[in-house]
Amino acid sequence: MEQNSPSLMTNLLLIAVYLLTCTAIIFAASSNPADFVRRSCNTTRYPDVCYKSLVSYAPSVKHSPHRLAYAALTVSIDRVRSVSSFVAHMSARPKPNGFVETEGSTEGGAIQDCTDNLKDSIDQLKQSIKEMGHLGQAKASRYAWHLNNVETWVSGALTDETTCLESLSQSAGPKVKAAIRKKVVEAAQVTSNALALVNQLGTH
């Protein structure tokens, strides 16, 4: 028995190392950055939109809720800028087949209101991204204050986008609503997801 003890201990050690290695491999496979993005996005209102817009950031985000929220805000402001340019371009177009009425018309006013709302949304998202930088460096006693600022600005940006939609719904014709609404809704969904991910920072 004494002669077999070293061999038995060696075998047990090898088994333990093997099991630990397998556990590490399984853990790594189940917790890769893309999975982290998916799990985080599942807490948002539009999880599929969230995942599709953020999965490309997974390698840089890794498992950081802060970096994920920052990426979501970046995607949001890029999307709103794109929509704002589209709406501004539409308002500048000459009237083809009654597509957009005269500058002083109700429809023209709705488009201008929408453009103004989107500009306000962009400004608020800029502020939120800037504040996220302070959030990452904040001491524990100031963290909640900075986080509240970010949440307030992102919520305001989402309200601006919703107000744009309401203005179009009340005053714009069907052609304008069809052309603009889809893009604004998509931007609002991305902003809503960004707000949800920012809100999650308060739980970490």
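Note that the numbering runs from 1 along the sequence shown for the chain.
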Answer yes or no: is there a side-chain heavy-atom contact under 4.5 Å between His134 and Arg142?
no
Please determine whether side chain to side chain donor-acceptor pair (under 3.5 Å) holds for the pair Gln112 and Asp116, giving the CA-CA distance in whole Å, both sets of side-chain angles, and the decisive distance to 0.1 Å.
CA-CA 6 Å; Gln112 184 58 53; Asp116 292 341; 3.0 Å; yes
So which atom in Gln124 and which in Ala157 form the shortest heavy-atom distance, rounded to 0.1 Å?
NE2-N, 3.8 Å
Just verifying a value: how many Å separate Lys183 NZ and Ser82 OG, rounded to the nearest 0.5 Å?
6.5 Å
For the residue pair Leu54 and Leu68, what are the closest heavy atoms and their distance?
CD1-CD1, 3.9 Å
On a heavy-atom basis, the closest approach of Ala34 and Tyr51 is O-CE1, 3.6 Å
Taking the side chain as C-beta and beyond, is there a heavy-atom pair between Ser84 and Ile122 under 4.5 Å?
yes
Do any N or O atoms from the side chain of Ser155 and from the backbone of Thr152 form a donor-acceptor pair under 3.5 angstrom?
no
Is there a side-chain contact between Trp153 and Glu131 (heavy atoms, below 4.5 Å)?
yes
Pick out which of Val83, Leu165, Leu168 makes a side chain to side chain contact (heavy atoms under 4.5 Å, CB included) with Cys114.
Leu168
Exercise: identify the closest heavy-atom pair between Ser121 and Asp160:
N-OD2, 3.4 Å
Indicate the atoms forming the closest heavy-atom contact of Ser76 with Val190, along with that distance.
CA-CG1, 3.6 Å
Please confirm whether the backbone N or O of Thr159 pairs with a side-chain atom of Thr163, one donor and one acceptor, at under 3.5 Å?
yes
Could you state the interatomic distance from NE2 (His146) to CG (Leu201), rounded to the nearest 0.5 Å?
13.5 Å
Hey, does Pro47 have a side-chain heavy atom less than 4.5 Å from the side chain of Asn193?
no
Is the backbone of Val37 close enough, under 3.5 Å, to the side chain of His63 for a donor and an acceptor to pair up by distance?
no
Rounded to the nearest 0.5 angstrom, the NZ-CZ distance for Lys182 and Phe86 is 10.0 Å
Hey, are the side chains of Val80 and Glu161 touching, using non-hydrogen atoms and a 4.5 Å cut-off?
yes
Do Gln189 and Asp48 have side chains that approach each other closer than 4.5 Å (heavy atoms only, starting at C-beta)?
no
For the CG atom of Leu135 and the CD1 atom of Ile129, what is their distance to the nearest 0.5 Å?
13.0 Å
Can you find a pair of side-chain heavy atoms, one from Val61 and one from Pro33, that are under 4.5 Å apart?
no
For residues Val150 and Trp145: do they belong to one hydrophobic cluster (side chain heavy atoms under 4.5 Å, members Ile, Leu, Val, Met, Phe, Trp, Tyr)?
no
Would you say the side chains of Gln200 and Ser40 form a donor-acceptor pair under 3.5 Å?
no
In this structure, CG of Asn117 is separated from OG of Ser167 (nearest 0.5 Å) by 7.0 Å
More than 12 heavy atoms from other groups under 6.0 Å of CZ on Arg67:
yes
In the structure I gave you, are the side-chain heavy atoms of Ser64 and Tyr70 within less than 4.5 Å of one another anywhere?
no
Do you know the tightest heavy-atom contact between Ser53 and Cys50?
OG-O, 3.0 Å
Just how far is it from atom CD of Glu166 to atom CG of Asp113, taken to the nearest 0.5 Å?
11.5 Å
Between Asp35 and Asn32, do the side chains contain a donor N or O and an acceptor N or O under 3.5 Å apart?
yes
